[in-house]
Amino acid sequence: MRISVSSDMDEPVARSLVAELRDRGHEVVTHGALRPGDDPRWAVCSEAAAREVAGGTSDQAVVCCWTGTGASIAANKVPGVRAALCTDAYTADGARRWNDANVLALSLRLTSEPLLKEILDAWFAAAASDDADDRGNVARIGRLDLNRPAP
(Lines give C-alpha, C1' and ligand atoms only; values in the text may rest on other atoms or scores of the structure.)
Protein backbone atom coordinates (compact mmCIF):
# COMPACT_ATOMS: atom_id res chain seq x y z
CA MET A 1 0.00 0.00 0.00
CA ARG A 2 1.20 3.53 -0.73
CA ILE A 3 0.80 5.79 2.30
CA SER A 4 1.41 9.54 2.46
CA VAL A 5 2.77 10.74 5.80
CA SER A 6 2.96 14.35 6.93
CA SER A 7 4.27 15.96 10.07
CA ASP A 8 4.83 19.56 10.96
CA MET A 9 7.75 18.60 13.22
CA ASP A 10 10.58 16.12 12.87
CA GLU A 11 9.79 14.34 16.14
CA PRO A 12 10.89 10.81 17.17
CA VAL A 13 7.34 9.47 16.90
CA ALA A 14 7.05 10.81 13.33
CA ARG A 15 10.31 9.09 12.37
CA SER A 16 9.11 5.90 14.11
CA LEU A 17 5.86 6.10 12.14
CA VAL A 18 7.68 6.22 8.81
CA ALA A 19 10.00 3.36 9.83
CA GLU A 20 7.11 1.25 11.14
CA LEU A 21 5.09 1.70 7.96
CA ARG A 22 8.09 0.74 5.82
CA ASP A 23 8.78 -2.28 8.07
CA ARG A 24 5.18 -3.36 7.43
CA GLY A 25 5.87 -3.31 3.69
CA HIS A 26 4.21 -0.02 2.75
CA GLU A 27 5.59 2.52 0.33
CA VAL A 28 5.81 5.82 2.21
CA VAL A 29 5.66 9.29 0.71
CA THR A 30 6.69 11.99 3.19
CA HIS A 31 5.61 15.63 3.52
CA GLY A 32 6.39 18.57 5.75
CA ALA A 33 9.21 18.32 8.26
CA LEU A 34 9.86 14.74 7.14
CA ARG A 35 10.94 15.88 3.67
CA PRO A 36 13.88 18.28 3.46
CA GLY A 37 12.90 21.57 1.84
CA ASP A 38 9.15 20.89 2.13
CA ASP A 39 6.78 23.34 3.85
CA PRO A 40 6.37 22.04 7.42
CA ARG A 41 3.27 24.02 8.38
CA TRP A 42 0.60 21.57 9.54
CA ALA A 43 -2.11 23.01 7.31
CA VAL A 44 0.12 22.78 4.23
CA CYS A 45 1.66 19.34 4.72
CA SER A 46 -1.58 17.73 5.95
CA GLU A 47 -3.40 19.05 2.91
CA ALA A 48 -0.67 17.68 0.62
CA ALA A 49 -0.94 14.18 2.10
CA ALA A 50 -4.75 14.28 2.00
CA ARG A 51 -4.79 15.43 -1.63
CA GLU A 52 -2.75 12.39 -2.58
CA VAL A 53 -5.43 10.15 -1.05
CA ALA A 54 -8.26 12.09 -2.69
CA GLY A 55 -6.43 12.03 -6.01
CA GLY A 56 -5.76 8.31 -5.84
CA THR A 57 -1.96 8.49 -5.86
CA SER A 58 -1.86 7.21 -2.27
CA ASP A 59 -4.14 4.61 -0.74
CA GLN A 60 -4.18 6.20 2.71
CA ALA A 61 -2.41 8.89 4.70
CA VAL A 62 -1.23 9.56 8.23
CA VAL A 63 -1.10 13.22 9.20
CA CYS A 64 0.59 14.45 12.37
CA CYS A 65 0.90 17.64 14.36
CA TRP A 66 1.46 18.38 18.04
CA THR A 67 -2.15 17.63 19.09
CA GLY A 68 -3.30 16.00 15.85
CA THR A 69 -6.29 18.32 15.74
CA GLY A 70 -5.00 20.81 13.18
CA ALA A 71 -3.73 18.04 10.92
CA SER A 72 -7.12 16.31 11.01
CA ILE A 73 -9.00 19.56 10.33
CA ALA A 74 -6.78 20.39 7.34
CA ALA A 75 -7.06 16.87 5.91
CA ASN A 76 -10.85 16.85 6.30
CA LYS A 77 -11.16 19.99 4.19
CA VAL A 78 -10.07 17.97 1.15
CA PRO A 79 -13.15 16.45 -0.56
CA GLY A 80 -13.13 12.67 -0.41
CA VAL A 81 -11.03 12.51 2.74
CA ARG A 82 -12.34 11.09 5.99
CA ALA A 83 -9.62 11.81 8.53
CA ALA A 84 -9.90 10.51 12.08
CA LEU A 85 -7.85 11.71 15.05
CA CYS A 86 -7.03 8.52 16.94
CA THR A 87 -5.42 8.35 20.35
CA ASP A 88 -5.90 4.63 20.95
CA ALA A 89 -6.42 1.35 19.13
CA TYR A 90 -10.16 1.19 19.82
CA THR A 91 -10.72 4.57 18.16
CA ALA A 92 -8.57 3.56 15.17
CA ASP A 93 -10.56 0.34 14.74
CA GLY A 94 -13.85 2.23 14.90
CA ALA A 95 -12.66 4.93 12.52
CA ARG A 96 -11.84 2.34 9.87
CA ARG A 97 -14.86 0.12 10.58
CA TRP A 98 -17.73 2.59 11.04
CA ASN A 99 -16.41 5.71 9.30
CA ASP A 100 -14.37 4.11 6.50
CA ALA A 101 -11.64 6.60 7.43
CA ASN A 102 -8.88 6.88 4.83
CA VAL A 103 -6.61 9.26 6.76
CA LEU A 104 -5.29 8.64 10.25
CA ALA A 105 -4.43 11.73 12.30
CA LEU A 106 -2.01 11.40 15.21
CA SER A 107 -0.81 13.60 18.03
CA LEU A 108 2.96 13.93 18.22
CA ARG A 109 2.57 14.84 21.90
CA LEU A 110 0.36 11.96 23.02
CA THR A 111 1.50 9.05 20.85
CA SER A 112 4.23 6.86 22.31
CA GLU A 113 6.00 4.24 20.23
CA PRO A 114 4.14 1.28 21.79
CA LEU A 115 0.82 3.11 21.39
CA LEU A 116 1.70 3.95 17.78
CA LYS A 117 2.12 0.24 16.99
CA GLU A 118 -1.20 -0.60 18.67
CA ILE A 119 -2.99 2.12 16.71
CA LEU A 120 -1.45 0.95 13.42
CA ASP A 121 -2.29 -2.69 14.20
CA ALA A 122 -5.94 -1.77 14.75
CA TRP A 123 -6.06 0.60 11.76
CA PHE A 124 -4.75 -1.98 9.31
CA ALA A 125 -6.68 -4.93 10.78
CA ALA A 126 -10.07 -3.23 10.46
CA ALA A 127 -12.12 -3.04 7.29
CA ALA A 128 -15.04 -0.82 6.39
CA SER A 129 -18.35 -2.13 7.67
CA ASP A 130 -20.91 -3.57 5.26
CA ASP A 131 -23.75 -2.52 7.59
CA ALA A 132 -26.35 -0.46 5.70
CA ASP A 133 -26.47 2.25 8.38
CA ASP A 134 -22.68 2.61 8.40
CA ARG A 135 -22.54 2.75 4.59
CA GLY A 136 -25.38 5.28 4.61
CA ASN A 137 -23.48 7.55 6.99
CA VAL A 138 -20.34 7.36 4.85
CA ALA A 139 -22.40 8.12 1.73
CA ARG A 140 -23.92 11.14 3.47
CA ILE A 141 -20.44 12.45 4.26
CA GLY A 142 -19.58 12.02 0.58
CA ARG A 143 -22.59 14.16 -0.36
CA LEU A 144 -21.41 16.83 2.08
CA ASP A 145 -18.14 16.95 0.12
CA LEU A 146 -20.20 17.79 -2.93
CA ASN A 147 -22.34 20.25 -0.97
CA ARG A 148 -25.45 18.27 -1.86
CA PRO A 149 -28.36 17.78 0.51
CA ALA A 150 -29.23 14.34 1.80
CA PRO A 151 -32.16 12.59 0.12
What are the two closest non-hydrogen atoms of [X] and [Y], and how far apart are they?
| X | Y | value |
| --- | --- | --- |
| Trp123 | Ala95 | CZ3-CB, 4.1 Å |
| Asp134 | Trp98 | OD2-CD1, 3.5 Å |
| Asp38 | Gly32 | OD2-N, 2.7 Å |
| Cys65 | Ala71 | SG-N, 3.4 Å |

About how many Å separate [atom2] of [Y] and [atom1] of [X], when rounded to the nearest 0.5 Å?
| X | Y | atom1 | atom2 | answer |
| --- | --- | --- | --- | --- |
| Arg22 | His26 | CZ | NE2 | 12.0 Å |
| Leu116 | Cys86 | CG | SG | 11.5 Å |
| Leu34 | Cys64 | CG | SG | 7.5 Å |
| Arg82 | Ile141 | CZ | CD1 | 9.0 Å |
| Glu118 | Asp93 | CD | CG | 13.0 Å |
| Thr111 | Ile119 | OG1 | CD1 | 5.0 Å |

Exceeds 12 heavy-atom contacts within 6.0 angstrom, atom CG of Asp23: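 Counting other residues, nucleotides and ligands, CG of Asp23 exceeds 12 neighbours.
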With a 4.5 Å cut-off on side-chain heavy atoms, are [Y] and [X] touching?
| X | Y | answer |
| --- | --- | --- |
| Met1 | Glu27 | no |
| Cys45 | Asp39 | no |
| Val13 | Leu17 | no |
| His31 | Ser4 | yes |
| Thr30 | Val28 | yes |
| Leu108 | Ser7 | yes |
| Leu85 | Thr69 | yes |
| Val5 | Val29 | no |

Test log, rule salt bridge (Lys or Arg N to Asp or Glu O under 4.0 Å), inputs Arg135 and Asp131: CA-CA 6 Å; Arg135 299 310 313 153; Asp131 179 79; over 6 Å; no
According to a 4.5 Å side-chain heavy-atom criterion applied to Ile, Leu, Val, Met, Phe, Trp and Tyr, with indirect links allowed, do [X] and [Y] form part of one hydrophobic cluster?
| X | Y | value |
| --- | --- | --- |
| Trp42 | Val18 | no |
| Val44 | Val78 | no |
| Leu104 | Met9 | yes |

Does [X] use its side chain to pair, donor to acceptor, with the backbone of [Y] at less than 3.5 Å?
| X | Y | answer |
| --- | --- | --- |
| Ser107 | Trp66 | yes |
| Ser16 | Pro12 | yes |
| Asp8 | Arg41 | no |
| Asn137 | Asp133 | yes |
| Asn99 | Ala101 | no |
| Asn76 | Ser72 | yes |

Thr57 vs Glu52, side chain to side chain donor-acceptor pair (under 3.5 Å): CA-CA, chis, key distance, verdict: CA-CA 5 Å; Thr57 58; Glu52 289 180 343; 4.8 Å; no
Stepwise side chain to side chain contact (heavy atoms under 4.5 Å, CB included) check, Gln60 with Phe124: CA-CA 11 Å; Gln60 294 182 4; Phe124 291 120; 3.7 Å; yes
Pairing of Arg140 and Asp145 as salt bridge, 4.0 angstrom limit: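 Answer for the salt bridge query: no.
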Sidechain N-carboxylate O distance under 4.0 Å for Glu11, Arg15: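 The answer is no: the pair does not qualify as a salt bridge.
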From CA spacing to verdict: side chain to side chain contact (heavy atoms under 4.5 Å, CB included), Glu20, Lys117: CA-CA 8 Å; Glu20 183 67 26; Lys117 291 178 182 181; 3.3 Å; yes
Residues in side chain to side chain contact (heavy atoms under 4.5 Å, CB included) contact with Ala75, at least two apart in sequence or another chain: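 Scan of Ala75 (side chain to side chain contact (heavy atoms under 4.5 Å, CB included), adjacent residues dropped) gives Ala50, Val63, Val81, Ala83, Val103.
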